[in-house]
Chemist: 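Here it is, the structure, as structure tokens.
All heavy atoms count here, side chains included; hydrogens, waters and symmetry mates do not.
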Amino acid sequence: MQGHTEFFRTESWTSGIVGLGYVGLPLAVTASRRGLRAIGFDIDAERVERIRQGESPVEDITDAELKQALADGLDITDDESRLAEADALFLCVPSPLGRNRQPDMSYIERAVETVTRVARPGQLVSLESTSYPGTTEEMVVPAVEAAGLRVDEDVAVCFSPERVDPGNLLRTGQIPKVIGGVTALSGEVGAAAYARLVDRVHVVSSARAAELTKLLENTYRSVNIALVNEMASLAHALDIDIWEVIEAAATKPFGFQPFWPGPGVGGHCIPLDPQYLAWRARELRFATRFIDLADQVNTQMPEYVVHRIWDELNNRGLPVFGTAVLAVGLAYKRNVSDDRESPALDVLHHLARRGAEISVLDPHVPPSRIQHHGFGVADPSSLEGFEAAVILTDHDSIDLARIADSVPFVFDTRGAYRRLGIERANVVPL
């Protein structure tokens with residue numbers, strides 16, 4: 001594989017992307033945009049056909065961008081045998097948690113089984129799916145060996161964690177990539193390949209180091225969000241405005257980075273990734289106290305929000321039972337449609353169990369998806385009749401001023417009204 005470093009650095013090679021979701025499709029479009037042939041593979045035939053028709057299933061890639069990539073030669077297929085044409089295989093499949101919050105490795109297992117069937121001499125195989133340290137060595141290397149191939153002699157194997165941030169204006173190619181090979185040579189080959197896809201590559205000493213890098217990034221966010229969520233609860237008990245306090249602390253030009261409280265954490269990374277690390281640590285009988293405590297604080301925030309709403313309704317002489325509540329936002333973050341692990345769902349299910357009559361206003365989440373979760377769909381043209389509103393996701397396209405003018409009581413879990421400079425007496429912040 002020594003000569004392949006120069007091959008990936010200079011030649012016109014073919015990328016094969018396994019999984020065409022939030023990570024894989026942007027990577028495939030990026031490869032095409034940067035002049036490389038790209039083959040995108042997914043087992044979901046319906047998704048494949050939709051992409052072939054130029055309909056992007058992810059918000060970070062517009063239909064126009066996808067159609068341009070298809071016109072430039074992006075090849076979309078559900079035939080895994082086509083991946084044998086690729087010089088580099090990028091595994092971009094989900095890595096969720098199981099029902100008991102243990103790592104669900106089934107998607108990665110299926111992906112590496114595909115590698116065993118299609119891998120050939122001269123390929124680079126890179127895992128991008130977030131997982132515990134050791135996954136690449138324990139799962140990807142045996143897969144290529146099962147294909148009769150040897151690392152460094154026939155193939156290179158590395159880990160490069162995805163850093164997708166849905167709704168962020170930064171494109172895949174603009175975000176620096178961390179690369180760690182299972183050997184030094186594999187890392188070198190991987191770095192040469194990714195240098196053709198992204199503006200900046202940072203090489204670490206091993207795949208394990210790269211795997212831990214991704215987990216540290218999101219554990220850092222989880223712990224700091226938990227800290228500010230706990231501070232928000234304490235500030236309320238002390239009758240202090242936490243938003244004012246954070247803004248004041250953020251004026252310090254060193255030693256402080258602002259994090260903002262909310263109804264909890266959601267999405268495909270922050271609620272999940274630290275649990276992969278904690279699970280691995282338990283195998284070593286290592287106590288991940290910060291990680292576990294942060295998870296407890298963040299997972300309890302939806303219930304805390306519900307108790308705050310309950311108290312505010314009581315102060316206004318209203319019960320939770322039978323009260324018409326406008327839920328503003330179902331997605332886990334602003335300006336995206338992704339509702340995976342969204343804390344909004346927990347808040348609303350808690351309220352529904354207490355008898356609240358809930359309708360959801362979210363211009364990004366399809367009505368069918370809202371109804372799938374068991375909630376009504378609010379008519380944005382008619383907000384009268386609601387006795388309370390709760391801001392769970394502050395999408396830019398939502399007219400918050402109109403909501404405050406139409407609904408007698410608004411509970412703002414995101415500090416959106418303060419951020420926008422909208423002052424209303426009936427708006428209560430978290």
Side-chain angles (χ1 to χ4, degrees), residues 59 166-169 228-229 232 235-236 239-248 250 258-264 266 301-302 304-306 308-318 320 323-339 342-345 347-348 351 356-367 369-370 375-430:
E59 288 173 306
N168 193 319
L169 294 178
V228 79
N229 278 337
H236 174 68
D239 195 24
I240 299 171
D241 185 340
I242 188 61
W243 308 94
E244 178 186 12
V245 170
I246 297 171
E247 288 171 0
F259 284 79
W260 304 95
M301 280 305 291
Y304 171 76
V305 167
V306 169
R308 286 287 308 279
I309 294 171
W310 193 347
D311 287 342
E312 294 293 343
L313 289 175
N314 281 339
N315 291 340
R316 290 162 174 76
L318 292 171
V320 175
T323 294
V325 176
L326 174 66
V328 180
L330 195 67
Y332 83 91
K333 66 178 289 189
R334 186 189 309 161
N335 301 334
V336 304
S337 63
D338 191 352
D339 63 4
S342 176
L345 292 170
V347 170
L348 298 183
L351 286 172
E357 298 175 0
I358 296 168
S359 297
V360 175
L361 174 65
D362 192 316
H364 290 268
V365 178
R369 186 67 181 166
I370 295 172
F375 307 120
V377 179
D379 180 357
S381 66
S382 178
L383 300 180
E384 289 70 26
F386 291 104
E387 297 164 287
V390 54
I391 310 300
L392 294 165
T393 317
D394 50 338
H395 297 302
D396 290 340
S397 59
I398 292 176
D399 189 344
L400 293 177
R402 179 167 172 262
I403 291 172
D405 292 339
S406 304
V407 182
F409 160 59
V410 179
F411 188 70
D412 181 8
T413 71
R414 297 288 186 176
Y417 284 88
R418 184 183 186 95
R419 176 173 58 84
L420 296 174
I422 301 173
E423 296 184 9
R424 294 290 191 279
N426 61 324
V427 174
V428 176
L430 178 70

Chemist: For I391, does its backbone N or O pair with a side-chain atom of T413 as donor and acceptor, under 3.5 Å?
Modeler: yes
Chemist: When rounded to the nearest 0.5 angstrom, what is the spacing between CG in L400 and CZ in R402?
Modeler: 11.5 Å
Chemist: Would you name the heavy atoms of L330 and D339 that are closest together and state the gap between them?
Modeler: O-CB, 3.9 Å
Chemist: Report yes if some heavy atom in the side chain of F386 is under 4.5 Å from a heavy atom in the side chain of S406; otherwise report no.
Modeler: no
Chemist: Could you check V328 against V410 for side-chain contact (heavy atoms from CB on, under 4.5 Å), going step by step and ending with a plain yes or no?
Modeler: CA-CA 10 Å; V328 180; V410 179; over 6 Å; no
Chemist: Which atoms form the tightest heavy-atom contact between I242 and A235, and what is the distance?
Modeler: CB-CB, 3.9 Å
Chemist: Which pair of non-hydrogen atoms, one from L313 and one from A388, has the smallest distance, and what is that distance?
Modeler: CD2-CB, 4.0 Å
Chemist: Which pairs, with at least one residue in residues 391-430 and sequence neighbours excluded, count as a ring-ring contact (aromatic ring centres under 6.0 Å, His included)?
Modeler: H364-H395
Chemist: When you measure from the side chain of R414 to the backbone of K333, do you find a donor-acceptor pair of N or O atoms at a distance under 3.5 Å?
Modeler: no
Chemist: Output the distance between atom CG (L348) and atom CD1 (I358), rounded to the nearest 0.5 Å.
Modeler: 5.0 Å
Chemist: Give the intermediate values and the outcome of side-chain contact (heavy atoms from CB on, under 4.5 Å) for residues D362 and R369.
Modeler: CA-CA 10 Å; D362 192 316; R369 186 67 181 166; over 6 Å; no
Chemist: Could you grab the distance from atom CD of E312 to atom CZ of R316, nearest 0.5 Å is fine?
Modeler: 5.0 Å
Chemist: Is D412 reaching over with its side chain to a backbone N or O of V427, donor-acceptor style, under 3.5 angstrom?
Modeler: no
Chemist: What pair of heavy atoms forms the shortest contact from A378 to L326, and how long is it?
Modeler: CB-CD1, 3.6 Å
Chemist: For the residue pair L392 and A327, what are the closest heavy atoms and their distance?
Modeler: CD1-CB, 4.4 Å
Chemist: Test side-chain contact (heavy atoms from CB on, under 4.5 Å) on L430 and M301 and set out the steps.
Modeler: CA-CA 11 Å; L430 178 70; M301 280 305 291; 4.2 Å; yes
Chemist: Quick one: do D405 and R424 make a salt bridge, cutoff under 4.0 Å?
Modeler: yes
Chemist: What heavy-atom pair brings G262 and N229 nearest, and what distance separates the two atoms?
Modeler: N-OD1, 3.0 Å
Chemist: Which residues satisfy the salt bridge (charged side-chain N to carboxylate O under 4.0 Å, His left out) test with E247, sequence neighbours excluded?
Modeler: R418
Chemist: Please tell me if the side chains of D399 and P380 come closer than 4.5 Å, counting only heavy atoms from C-beta onward.
Modeler: no
Chemist: Going by heavy atoms in the side chains, are I398 and P363 under 4.5 Å from each other?
Modeler: yes
Chemist: Rounded to the nearest 0.5 Å, how far apart are CG of L351 and CD of E357?
Modeler: 12.0 Å
Chemist: Taking D394 for its side chain and G415 for its backbone only, find out whether a donor-acceptor pair lies under 3.5 Å.
Modeler: no
Chemist: Can you list the steps and then say if L345 with F375 is a side-chain contact (heavy atoms from CB on, under 4.5 Å)?
Modeler: CA-CA 10 Å; L345 292 170; F375 307 120; 4.2 Å; yes
Chemist: So, the side chain of D396 versus the backbone of N335: is there a donor-acceptor pair under 3.5 Å, distance only?
Modeler: no
Chemist: Donor-acceptor pair, D338 side chain versus A331 backbone, under 3.5 Å?
Modeler: no
Chemist: Within a 6.0 Å radius of atom CH2 on W310, are there more than 12 heavy atoms belonging to other residues, nucleotides or ligands?
Modeler: no
